[in-house]
Amino acid sequence: MADTLDPARPAAGETVAHAAEVRWALLVGAIIAFLLGMIVYMSLHWAAMPPVRTETIDPATLHLSGEFVEANLGAALEDDGSVTVRLLANQYSFTPSCLLLPADTPVRIRGTSADVVHGFSISEGNVNVMLVPGYVSNFEARFARTGEHLMPCHEYCGTGHAAMWARVRIVGKADFAQRAHGGRRVSCVGQ
Ligand code: CUA
């Protein structure tokens, strides 16, 4: 009883409460400091990074010359063992309409649109790409297993949007290498 009556000495309960308040204040302070530090770190990190590389292309001459002429579309084996697949979107199809790709291999997807904004996703490999006229989309993917997948256009592009899709066939590495031998552009159209 003497404790509570002496104004110079706080009660034991008050001491405990005060200690708890200080602990929580320190914890909240530490969380705020961590969040602020994260913001500062991310800002400096982003400011120090080079700007995103944007590749532009003239949609009017796609079919005449350059990377996206018909003969260059499809998947190609690179010297380093990786694969580059090039595709073109237009209302309302993808070219090629069936992508043939190897499993367990780094795949670079390069694509663009000849008319309006299209896009596609492939559930396997977490692929989700937008194809914008005037720009080349560049995406890296890897497919763990062989199999067949649908590749629907996921950007509303006109009355035929719902019918715009392609197929993706993932085959074994050796099988792919055999088909793509000699720098051939391969696809599974008609197969
Ligand atoms: Cu192409 Cu929707």
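Both counts, for ligands and for their atoms, begin at 1 and track the order of listing. Hydrogens, waters and symmetry mates are skipped; everything else that's a heavy atom, side chains included, is used. On a predicted model such as this, the values are computed, not experimentally measured, just so you know.
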Original post:
Within the side chain of Ser97, is there an N or O that forms a donor-acceptor pair under 3.5 Å with the backbone of Thr95?
Top reply: no
Original post:
OH of Tyr135: more than 12 outside heavy atoms within 6.0 angstrom?
Top reply: no
Original post:
Side chain of His161, backbone of Glu155: donor and acceptor closer than 3.5 Å?
Top reply: yes
Original post:
Does a donor on one side chain sit under 3.5 Å from an acceptor on the other, for Asn128 and His154?
Top reply: yes
**OP:** Give me the protein N, O or S atoms that fall under 2.8 Å of atom 1 (Cu) of ligand 1, sorted by chain and residue number.
**Re:** His118 ND1, Cys153 SG, Cys157 SG, Met164 SD
Original post:
Less than 4.0 Å between a side-chain N and a carboxylate O, is that true for Arg108 and Glu78?
Top reply: no
Original post:
Counting only N and O atoms by type, is there a donor-acceptor contact under 3.5 Å from the side chain of Arg167 to the main-chain atoms of Val189?
Top reply: no
